[in-house]
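Data first, discussion second: the structure below is written as structure tokens.
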There are 2 protein chains.
Amino acid sequence: MPPSRRMTLKDLAAELGVSTASISNAFNRPDQLSPMLRERILNEAKRLGYAGPDAKARSLRTGRSQIIAVILAESLTYSLNDAVASELLSGIAEVLDAHGHTMLLLSGRQHGSETHGSTNMADGYIVYGLMPSMTMLSELPAQNPLVAVDFDIEHCPTIHIDNEPASYSIARHALLTPPKRPAVINLRLTKQPCNGRITDEHDLFSAHHTITRSRLMGIHRAFKESGIDPASVPMWNVEENIHDVCAPVIADILDQPEEHRPDLLLCMSDRIALTALTLAEQRGLCVPDDLRITGFDGIAEGQYRAPRLTTVRQDSIEKGRLAARMILGLSPKEQKYLSTELLIGESCP
Amino acid sequence: MPPSRRMTLKDLAAELGVSTASISNAFNRPDQLSPMLRERILNEAKRLGYAGPDAKARSLRTGRSQIIAVILAESLTYSLNDAVASELLSGIAEVLDAHGHTMLLLSGRQHGSETHGSTNMADGYIVYGLMPSMTMLSELPAQNPLVAVDFDIEHCPTIHIDNEPASYSIARHALLTPPKRPAVINLRLTKQPCNGRITDEHDLFSAHHTITRSRLMGIHRAFKESGIDPASVPMWNVEENIHDVCAPVIADILDQPEEHRPDLLLCMSDRIALTALTLAEQRGLCVPDDLRITGFDGIAEGQYRAPRLTTVRQDSIEKGRLAARMILGLSPKEQKYLSTELLIGESCP
DNA sequence: CTGAAAGCGCTTACAG
DNA sequence: CTGAAAGCGCTTACAG
């Protein structure tokens, strides 16, 4: 064997004077050869610097790569820095790791428009969030399993949370103390991109297109029950769930004259709510006395602070675990709804 | 072709009456066949549901998978939820994505002790942080490139930040206002696991084993310059950079009688500093009047709050970009130091 | 328990 | 510009 080349299983077999099958079995199927021979092969392999079968060849031969791809609707940069997506990923990683699989990260928003060539190497796909384009999904190998999280794909197992009841419950809690001027800050709810006040001019996405529409329906149900006409409640919208996009919208809301400024902000995410909290504090507004704020998600950042955020906790880690178990065939592939939990903090007691 | 089986390049070639080489070239090397034939092949492929060459076979044949593995010293659960690691990963992902590569996530702390079989599929490895065990690294294919981030591997390109000068600069800033009772909260500095006060009994890791030792050296240099004996400054340690581990240690510090309670906390990370901020606020302590706090890292959570954290910003995204560029051969493989930036917030003006 | 051989689906050097 | 053929490094069904 030329020393420049990496040692192969065949080289090792020749070196030891055994068949390639025995080498393979020594690494993969201990019951297929005598313990003594196996011991000898493993020892010699280590001594000669053969670290085990090549994964590229193995995956071609077996048809499986032990790789599960997670396809994120958002960019990888956003997803990796978003607490909710990160929790989902860690739940997935935990289960995959425990079962000898690894996680490949892909985004529905690639650099180019084309799918990465290595995409079809994965044994299965977990798709998180509504994809900007469905062409990518249609190009995936049809026989490989697919699980959708937070949105629906026809004929696919999906995992959701109970968005409408969850936001109903938090809105109902907030409305126990009647607000003078309630307001709602939505996330990507309008068909026309809008960072600001939502007007009659705007068309809203359906619940099929954005989970925040379901959340809004829950909030509206609570308003009606409290005798408040939802149409009378001003709404704002932000396009991105990041501080720098939320901040100017919220600044406009808070910088209104006091008689117009809301005293209750129902926010569609903790990120929006935390941005509102920061801007309120910077303006010397007292939370919750001058302004009550609620979020949605239950991320750590909202709970490890003073005042703590009143919010709905969704267990994204468990979502990820379940998605991974479905993909690996450890849980039945079905339509699954996870429940949420109301967390009452000091931002809206 | 039996309809149950996925279509292969060979099937398609037979179907169209052309050679397999032409099919391959149609997808990979447009210059190797006439535009007309290529067009026909691509159209027919789409019509017949052939989505392109199989990545498993391609990677065996070419020897490259277009996959770069990131090996994280911490668990995936920790890394994915840590702002600094997430920024590094997003920097890596950004560059890989732009160059047709994808990112596989691995941890040095696997479930079992054994390396995943698919580990050797990657074309290159970015290793982040000192590995709990070096065996995993020694089993990687020797001919594939390796880049180390935040620690050293012999004969390998590495990326660091200027830990000592960075913490010197922030400590010097803090000491411009002479503290009565300064204190330092370290991260994983002691050889014996310790969540609490560091005493003479503890052995400290060398700078080779933990970046926080270098940071401590910078802090000590600033102390000496200000005429403070470093040995007189009490030090605490935490083992994990997460709220729940930091909180009890910091609570003990803050719950001391006022005449012993520090009025300046130099923290080795923003996570520690933010935990201190929260606990101080919960106790009604005024930051910075009663207590000044500094961090290290410059994560968003410390800047998008009131009071903003005084800290040192390290550009983890750029670290990730550079690591990815080195792995892909787009940047020279060398020992690289990235500089940091002092951020002066209200937590220590 | 062990070995000889086929073949997973591609890419590429080479001949025409 | 096109095609026939070798071979990447394995695993596994099968024969002995």
Side-chain angles (χ1 to χ4, degrees), chain A residues 1-2 4-41 45 48-66 117-123 141 143-144, chain B residues 1-2 4-41 45 48-66 117-123 141 143-144:
Chain A
M1 184 199 65
S4 60
R5 201 163 55 76
R6 196 184 174 208
M7 180 175 250
T8 69
L9 182 147
K10 206 171 159 189
D11 297 327
L12 183 61
E15 199 82 30
L16 300 195
V18 300
S19 77
T20 58
S22 292
I23 309 281
S24 176
N25 287 331
F27 281 98
N28 302 319
R29 306 198 298 188
D31 56 309
Q32 296 294 302
L33 76 176
S34 68
M36 239 188 64
L37 179 59
R38 176 157 191 259
E39 187 86 354
R40 177 171 158 243
I41 289 173
L48 296 169
Y50 179 71
D54 177 73
K56 296 197 266 310
R58 183 211 296 258
S59 70
L60 172 59
R61 178 58 231 233
T62 64
R64 282 166 298 104
S65 60
Q66 312 287 92
S118 50
T119 300
N120 69 26
M121 174 139 20
D123 295 341
Q143 72 278 25
N144 287 8
Chain B
M1 184 200 61
S4 61
R5 201 164 56 76
R6 195 183 176 209
M7 182 176 247
T8 68
L9 182 148
K10 206 172 158 188
D11 297 328
L12 183 61
E15 198 83 29
L16 299 196
V18 300
S19 76
T20 59
S22 292
I23 308 282
S24 176
N25 287 331
F27 281 96
N28 303 317
R29 306 199 297 189
D31 56 310
Q32 296 294 302
L33 76 179
S34 69
M36 239 187 65
L37 179 59
R38 175 157 193 260
E39 186 87 354
R40 179 171 157 242
I41 290 174
L48 297 168
Y50 179 72
D54 177 73
K56 296 198 262 316
R58 183 212 296 257
S59 69
L60 172 59
R61 178 57 231 233
T62 63
R64 282 166 297 102
S65 60
Q66 312 286 94
S118 48
T119 300
N120 70 25
M121 175 136 27
D123 294 342
Q143 72 278 26
N144 286 7

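Here is the naming used below: chain letters follow the sequence lines, and residue numbers restart at 1 for every chain.
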Measure the distance from CG on A:Asp11 to C1' on D:dC10 and round it to the nearest whole Å.
12 Å
Numerically ordered, the residues 31-40 of chain B set in heavy-atom contact under 4.0 Å with DNA chain D is B:Asp31, B:Gln32, B:Leu33, B:Ser34, B:Leu37
Side-chain (B:Asn120) to main-chain (A:Pro53) donor-acceptor, under 3.5 angstrom
yes
When rounded to whole Å, the CG to P distance for the pair B:Asn28 and C:dT12 reads 7 Å
Sequence neighbours left out, what passes side chain to side chain contact (heavy atoms under 4.5 Å, CB included) with A:Glu39? Give chain and number order.
A:Asn43
For DNA chain C, what string of dots and brackets results from 5' to 3' when Watson-Crick and G-U pairs need both distances under 3.5 Å, crossing pairs get [ ], and pairs with another strand get |?
|||.||||||||.|||
For B:Lys10 and C:dT12, give me the distance from atom NZ to atom P, rounded to whole Å.
19 Å
Residue-phosphate contact under 4.0 Å: B:Ser22 side-chain N/O, D:dG3 OP1/OP2:
yes
Looking at B:Asp11 and B:Thr8, would you say the former's side chain and the latter's main chain have a donor-acceptor pair under 3.5 Å?
yes
Return the CD to CG distance between B:Glu15 and B:Leu48, rounded to the nearest 0.5 Å.
5.5 Å
Under the side chain to side chain contact (heavy atoms under 4.5 Å, CB included) rule, collect the residues that match up with B:Arg29, sequence neighbours excluded.
B:Asn25, B:Asp31, B:Gln32
Between CG of A:Leu9 and CG of A:Asp54, what distance do you get to the nearest 0.5 Å?
10.0 Å
List in chain and number order the residues that pass side chain to side chain contact (heavy atoms under 4.5 Å, CB included) with B:Ala26, two or more places apart in sequence or in another chain; answer none if no residue qualifies.
B:Leu33, B:Arg38, B:Ile41, B:Leu42
Where at least one partner belongs to residues 56-66 of chain B, residue pairs that pass side chain to side chain donor-acceptor pair (under 3.5 Å), sequence neighbours excluded:
B:Asn28-B:Arg58, B:Ser65-B:Asp123
Checking B:Ala45 now: which residues fulfil side chain to side chain contact (heavy atoms under 4.5 Å, CB included) with it, not counting sequence neighbours?
B:Leu12, B:Phe27, B:Tyr50
Atom-pair distance (CZ on B:Arg64; P on D:dG9), nearest Å
14 Å
In residues 53-61 of chain B, which ones come under 4.0 Å of DNA chain D, going by heavy atoms?
B:Leu60, B:Arg61
Looking for any heavy atom pair under 4.0 Å, which part of the strands does A:Tyr50 touch: base, sugar-phosphate only, or nothing?
sugar-phosphate
Rounded to whole Å, please give me the gap between CG in B:Asn120 and P in D:dC8.
17 Å
Within the structure, does a side-chain N or O atom of B:Ser24 lie under 4.0 Å from either OP1 or OP2 of C:dT12?
no
Distance below 4.0 Å between A:Asn25 side-chain N/O and D:dT12 OP1 or OP2
no
Can you tell me how far apart OG (B:Ser118) and CE (A:Met121) are? Round to the nearest 0.5 Å.
10.0 Å
Between D:dC10, C:dG3, D:dT11, which nucleotide gets closest to the side-chain atoms of A:Thr8?
D:dC10
In whole angstrom, give the distance that lies between atom CG of B:Leu9 and atom P of D:dC8.
19 Å
B:Ile23 atom CD1 is separated from C:dT12 atom P, nearest whole Å, by 16 Å
How many Å lie between CE on A:Met121 and P on C:dG9, as a whole number?
15 Å
